2 protein chains.
Amino acid sequence: MTERKRQILQSAQAVLKKKGYAATSVRDIAKSLEMEPASLYSHFSSKEDILKLTCFDMASKFDRAIQEINTLYFDAEQQLRMAIREHVQILTSHLDSAIIFLRDWRNLTGESFSEFVEKRNSYEKGIRKIIQTGIDEGRFNESDIKFATLTVLSSVNWIVEWYNPEGKLSPTQIAEKLSNFILNGLIKNKL
Amino acid sequence: MTERKRQILQSAQAVLKKKGYAATSVRDIAKSLEMEPASLYSHFSSKEDILKLTCFDMASKFDRAIQEINTLYFDAEQQLRMAIREHVQILTSHLDSAIIFLRDWRNLTGESFSEFVEKRNSYEKGIRKIIQTGIDEGRFNESDIKFATLTVLSSVNWIVEWYNPEGKLSPTQIAEKLSNFILNGLIKNKL
DNA sequence: CCTACCGATCGGTAGG
DNA sequence: CCTACCGATCGGTAGG
């Protein structure tokens with residue numbers, strides 16, 4: 001990927017996150033770059049190509065992170081805290097892409113769609129494995145494991161809806177709060 | 001609203017939830033009803049009109065539920081459990097509308113957009129109030145209250161992504177699991 | 001990266 | 001609820 005292509009991709013992502021993939025035209029993207037719509041096609045083969053690159057790029061970032069964590073020795077609680085920290089880190093440091101990745105992947109078609117879903121399921125499995133370990137260790141509640149996994153992921157992914165890079169909470173602080181919430185719940189410890 | 005209009009609306013919602021508002025054409029909607037695209041306009045003034053009706057209809061359901069709960073005497077834990085139960089009930093019993101409501105509200109324009117955001121914030125405030133009560137009662141952890149509210153809502157809303165009406169979990173069971181998760185967290189009670 | 005352009009499809013209207 | 005139709009915009013190509 002050339003420097004210019006990366007530059008165009010970034011500008012495109014900034015536009016796409018605002019109105020969503022389906023409601024954004026190739027002309028909208030071109031305008032943000034002050035170029036003609038037709039010129040985009042010397043860098044990308046189609047509008048969907050931009051979506052595809054964005055979604056798969058994010059997916060592989062998450063994939064790399066979970067693979068690494070899953071092979072580390074820490075106990076389940078530490079693993080989960082690390083996974084959440086990494087997840088928040090990826091989301092917040094690529095906020096435009098993250099929003100497209102989370103909202104617009106359904107617009108992928110054909111093989112891209114199914115391949116994406118597969119990658120997403122594989123990541124989900126990585127998280128599930130951590131929670132399963134916690135249950136096996138007797139540290140986590142024996143809850144419906146699929147249910148627990150989805151609930152963890154939903155609360156982590158939701159941060160893109162309100163995260164503000166100039167806000168008072170750093171990604172690390174957000175990750176810690178989120179981990180505490182997920183691990184300990186809302187109710188005060190009855191010691 | 002005539003019976004026929006409601007019927008058309010329902011069919012439209014079934015189509016909209018599949019591809020999303022922006023990617024669905026008026027022709028797609030008409031086809032699902034075996035009528036001509038132009039005929040839709042004797043029931044609706046525009047494509048956005050359908051989105052507007054769907055979003056605001058859902059919003060008012062949530063609004064009614066939270067208003068009621070907020071005036072009841074139960075303590076914060078009970079209130080939160082009730083709010084979650086009602087929320088899950090509304091989502092699952094209007095699944096098509098719920099998905100459109102959650103995913104496509106950003107496509108509203110002008111006044112509709114701002115009015116919707118306002119309604120959504122007001123519901124959020126209702127949930128926040130319950131959590132605040134819990135903190136005041138000394139029952140809930142003193143966490144960032146806005147943060148806690150958003151995390152609760154995200155995990156509840158996520159159920160539309162995996163809920164299956166024919167699955168083994170009833171809405172009531174889902175609500176209870178979710179409440180337990182949110183209140184007690186993943187970690188086993190160290191008694 | 002641009003000019004020039006294409007066929008297809010879009011949301012919507014007029015008139016019955 | 002339909003026929004007939006509209007101007008605008010869509011994603012994308014040819015050729016330079």
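We name chains A, B, ... by the order of the sequence lines, and we start the count at 1 in each one. In this text the structure is predicted, and so the values were computed from the model without any measurement.
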> Considering only heavy atoms from C-beta outward, does the side chain of B/Tyr163 approach that of B/Val88 to under 4.5 Å?
Replying inline: no
> With sequence neighbours excluded, what pairs up with A/Arg106 under the salt bridge (charged side-chain N to carboxylate O under 4.0 Å, His left out) test?
Replying inline: B/Glu161
> Who passes side-chain contact (heavy atoms from CB on, under 4.5 Å) against B/Val15, sequence neighbours left out?
Replying inline: B/Thr24, B/Asp28, B/Ser32
> How do A/Ser42 and A/Arg27 order along DNA chain C: which one's closest nucleotide is nearer the 5' end?
Replying inline: A/Ser42
> So which one's nearest nucleotide on DNA chain D is more toward 5', A/Ser25 or A/Ser45?
Replying inline: A/Ser25
> Under 6.0 Å between the ring centres of B/Phe116 and B/Phe101?
Replying inline: yes
>> Once salt bridge (charged side-chain N to carboxylate O under 4.0 Å, His left out) is applied, do any residues pair with A/Arg120, and if so which ones, sequence neighbours excluded?
In response: none
> Any side-chain donor paired with an acceptor under 3.5 Å for A/Asn157 and A/His87?
Replying inline: yes
>> Closer than 3.5 angstrom, by distance alone: can the side chain of B/Ser155 be matched with the main-chain N or O of B/Thr151 as a donor-acceptor pair?
In response: yes
>> Can you give me the dot-bracket string for DNA chain C, 5' to 3', counting Watson-Crick and G-U wobble pairs with both distances under 3.5 Å, using [ ] for crossing pairs and | for partners on another strand?
In response: ||||||||||||||||
Please tabulate, for the side chains in residues 174-183 of chain A, all donor-acceptor contacts under 3.5 angstrom to protein atoms that are two or more places apart in sequence or on a different chain.
unit_1	atom_1	unit_2	atom_2	d
A/Ser179	OG	A/Ala175	O	2.9
A/Asn180	OD1	A/Arg81	NH1	3.2
A/Asn180	OD1	A/Arg81	NH2	2.9
A/Asn180	ND2	A/Glu176	O	3.4

> Using a heavy-atom cut-off of 4.0 Å to chain B, what are the terminal contacting nucleotides of DNA chain D, in 5' to 3' order?
Replying inline: D/dC1 to D/dA4
